[in-house]
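Taking it in order: structure first as structure tokens, then the write-up.
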Amino acid sequence: MSEFTDLTHQSATARIRLTPWDERSLRIRTAEIIEASGSDSDLPGLWNLIDDWIKQHGVEYSFGRISADAMLAKQSFQRQGYRFVETSLLMSRLRTDEWPRTPASLSLQLSPVCDQDMEELRTIAINDFHHGRFLEDPSISPVQARARTGSWLADLCARGNLHAVQMHKKNIGFVAHTIGDDGCADLILYGVSSNFPMLALPLWVSALKSLNEAGATRYRAMISAANVHVVNLYLKLGFSVTSVHYGFSKWHTQ
């Protein structure tokens, strides 16, 4: 993971980092602004620091997500020329052992990913994902945005977070998640092949049961609000919307 840089101007603070994992696929120098907050009078000075950092690092494209309630932050992003790209929902729920029933005849297994699985799983990620801050940004090439999803999947595999989901030894999707020391499970990237849309609910239920077995006490996921089918799936699983976030992006000319 890339290191964060903290910037401060009086009461205003920002956190920013390079994202080389995005750069590999998008073929541009990218950076993520994790936070940019402060008083209205101090934010202009903070943005001067952010702009200097962006120029020093040769960043061509930067992006960030902020709370929909952060009015000053939204105004400051827009004043700096950032464009609204997407809306994300943070969805969460406490642990439960009572999940929606799935057909008893379905037997899905979560398995460690083998080398021979990756090509098939990457195909699912590249072809069957249509939502996310890059995929929904009209200024990003759709081919590069899809390649970035495939690259992200490979990175999750390298970190040991990815599992293939199989039915009768056939890959029908994948799940990538982590569990923190506090028992909170982050559902990073879940996907089912477009050839098996009816298996979406069983896939999620199987993955959540595996998280229970691993000691999860609560679960959360960041979902694109445009991904209506998955939002409805999480609602069916008893999740609720915890917070709303707006994604912004900007191209920088050096």
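All values below come from the heavy atoms of this structure, side chains included, with hydrogens, waters and symmetry mates left out. Positions are given from 1, in the same order as the sequence printed here. Worth saying up front: this structure is predicted, and the values here are computed from it rather than measured.
Between the side chains of Y190 and H177, at least one donor N or O sits under 3.5 Å from an acceptor N or O. Side chains of S25 and Q144: a donor-acceptor N/O pair is absent below 3.5 angstrom, by distance only. Checked by atom type, the side-chain pair R220/T242 shows no donor-acceptor distance below 3.5 Å. Residues R15 and T5 bring no donor and acceptor atom of their side chains to less than 3.5 Å of each other. When only modelled atom types and interatomic distance are considered, Q78 and S76 share no side-chain donor-acceptor pair under 3.5 Å. Residues E32 and S62 bring no donor and acceptor atom of their side chains to less than 3.5 Å of each other. Inspection of the S39 and S11 side chains reveals an N or O donor paired with an N or O acceptor under 3.5 Å.
For the side-chain contact (heavy atoms from CB on, under 4.5 Å) test, no residue two or more places apart in sequence or in another chain qualifies with H130.
Between D117 and R122, none of the side-chain N atoms (NZ, or NE/NH1/NH2) sits under 4.0 Å from a carboxylate O, so this pair counts as no salt bridge. Ion pair E86/R133 not flagged as a salt bridge, since none of the NZ, NE, NH1 or NH2 atoms sits closer than 4.0 Å to an Asp/Glu carboxylate oxygen.
The number of heavy-atom neighbours closer than 6.0 Å to NZ of K209, taken from other residues, nucleotides and ligands shown, is 12 or below. For Q116, the CD atom counts as densely surrounded, since its 6.0 Å shell holds more than 12 non-hydrogen atoms of other residues, nucleotides or ligands. Heavy-atom neighbours of D115 CG from other residues, nucleotides or ligands within 6.0 Å: at or below the threshold of 12.
Annotation: cation-pi pair R148/W152 present, NZ/CZ under 6.0 Å from the ring centroid and within 45° of its normal.
Of all heavy-atom pairs between A125 and L153, the closest is CB-CD2, 4.0 Å.
The backbone N or O of T96 lies less than 3.5 Å from a partner atom in the side chain of N212, making a donor-acceptor pair. Between the side chain of D137 and the main chain of S139, a donor-acceptor pair closer than 3.5 Å is present.
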Go through the steps for S37 and E35 under the test side-chain hydrogen bond (donor to acceptor under 3.5 Å, both in side chains), then give the verdict.
CA-CA 6 Å; S37 61; E35 176 189 356; 3.0 Å; yes
Hey, mind stepping through F77 and I33 against side-chain contact (heavy atoms from CB on, under 4.5 Å) and telling me if it holds?
CA-CA 10 Å; F77 268 85; I33 301 173; 4.1 Å; yes
Would S88 and R65 satisfy side-chain hydrogen bond (donor to acceptor under 3.5 Å, both in side chains), going step by step from the backbone distance to the final call?
CA-CA 8 Å; S88 298; R65 279 195 182 114; 3.0 Å; yes
Could you walk me through whether D22 and T19 pass the side-chain hydrogen bond (donor to acceptor under 3.5 Å, both in side chains) test, one step at a time?
CA-CA 6 Å; D22 297 325; T19 58; 3.2 Å; yes
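L108 and L121 fall into different hydrophobic clusters, defined by Ile, Leu, Val, Met, Phe, Trp and Tyr side-chain heavy atoms under 4.5 Å apart, directly or through other members. Follow the hydrophobic side-chain contacts under 4.5 Å out from L110 and you reach V192 in the same cluster.
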